[in-house]
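Starting from 1, each residue takes its place in the sequence as its number.
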Amino acid sequence: MTPVMPKSLLPIGEIARRSGLSVPTVRYYESRNLITSERTPGNKRLYRRYTLRRLAVIAAGQRVGLTLAEIAEALSELPSDRAPTQAQWHQLSTHWAVLVARRVRQLEKLQGSLDDCIGCGCLSLKKCHLFNPQDEAASEGPGSRWIRRSMEYDEE
């Protein structure tokens, strides 16, 4: 095992600056186990350089609309002790493309239903009287249950 050189560990401020994130965001990602740090005897956080690559992967996932849970799942498939290889990135991005395509289909369906009643409690007597007589949707709880249910069918 190669010894850790001082230059290979970066303090939280440097990681934040180089990744374009705030220090609290870096801490938050660590609390969500997306990244890890080492601690000095004074309990200061130090990050290995490959953490910058993991932060770039997190940012890429967020840019394409993935949740942190989806990103965490993807990161769990990558090595935690080094930057991902090109082949690993390709495998990850292929999986993300499927997730993004599904999200696009869901958004298109939502866009097409905006003019119709979507069980949202909009109180439109003209439309909801036909699609939601006697406020049947209320028995299922608050929120737009019907559109969520139709999206679940798309995922199957």
Side-chain angles (χ1 to χ4, degrees), residues 2 4-5 7-39 43-124 127-128 131-132 137 140-156:
T2 48
V4 175
M5 302 303 289
K7 295 269 187 197
S8 67
L9 294 172
L10 301 172
I12 191 168
E14 180 72 6
I15 284 286
R17 184 186 66 74
R18 291 186 56 187
S19 65
L21 299 170
S22 67
V23 168
T25 299
V26 173
R27 284 191 195 114
Y28 177 70
Y29 289 165
E30 186 175 354
S31 75
R32 297 282 308 260
N33 296 316
L34 299 171
I35 59 173
T36 58
S37 69
E38 298 178 22
R39 299 295 180 119
N43 206 29
K44 293 186 179 189
R45 290 176 169 93
L46 294 174
Y47 297 88
R48 296 198 177 266
R49 287 187 179 278
Y50 59 76
T51 303
L52 290 168
R53 187 68 52 90
R54 288 181 74 84
L55 290 170
V57 170
I58 294 166
Q62 289 180 315
R63 273 195 300 275
V64 297
L66 299 179
T67 65
L68 283 181
E70 291 167 326
I71 294 168
E73 182 181 326
L75 286 173
S76 72
E77 303 290 322
L78 297 177
S80 60
D81 61 343
R82 61 183 167 76
T85 65
Q86 184 65 33
Q88 290 166 328
W89 172 247
H90 178 70
Q91 183 178 358
L92 176 84
S93 64
T94 300
H95 175 69
W96 282 3
V98 171
L99 295 176
V100 170
R102 180 183 305 145
R103 184 123 335 116
V104 167
R105 285 192 308 276
Q106 290 172 342
L107 289 170
E108 286 171 343
K109 185 169 187 163
L110 177 60
Q111 181 183 27
S113 68
L114 287 176
D115 287 339
D116 298 329
C117 176
I118 57 174
C120 65
C122 66
L123 304 177
S124 170
K127 289 191 176 196
C128 288
F131 292 102
N132 187 21
E140 296 181 27
S144 55
R145 301 266 186 222
W146 294 351
I147 191 66
R148 278 188 245 140
R149 189 180 317 129
S150 72
M151 288 178 167
E152 288 170 6
Y153 293 131
D154 284 350
E155 292 177 8
E156 294 175 352

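Atom OG1 of T36 sits about 7.0 Å away from atom CD of E30, to the nearest 0.5 Å. The structure places CZ of R54 at 6.5 Å from CG of L78, a figure rounded to the nearest 0.5 Å. Taking OH of Y47 as the reference point, atom CD1 of I35 lies at 4.5 Å (rounded to 0.5 Å). Put simply, CG on N33 and CG on L75 are 11.0 Å apart, with the number rounded to the nearest 0.5 Å. Expressed to the nearest 0.5 Å, how far CG of L34 lies from CD1 of I71 amounts to 7.5 Å.
With salt bridges taken as basic N to acidic carboxylate O contacts below 4.0 Å, one links E14 and R17.
Annotation for E73: atom CD does not count as buried by contact number, only 12 or fewer foreign heavy atoms lying within 6.0 Å.
Using a 4.5 Å heavy-atom cutoff, the side chains of Q62 and I58 are in contact.
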- Stepwise side-chain contact (heavy atoms from CB on, under 4.5 Å) check, T51 with V26: CA-CA 10 Å; T51 303; V26 173; over 6 Å; no
- Item | I15 and R45: CA distance, side-chain angles, deciding distance, side-chain contact (heavy atoms from CB on, under 4.5 Å) verdict | CA-CA 10 Å; I15 284 286; R45 290 176 169 93; over 6 Å; no
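When the side chain to side chain donor-acceptor pair (under 3.5 Å) test is applied to R53, no partner is found at least two apart in sequence or on another chain. The side chain to side chain donor-acceptor pair (under 3.5 Å) test applied to R32 returns Y28, not counting sequence neighbours. Partners of E70 by salt bridge (charged side-chain N to carboxylate O under 4.0 Å, His left out), not counting sequence neighbours, listed by chain and number: R103.
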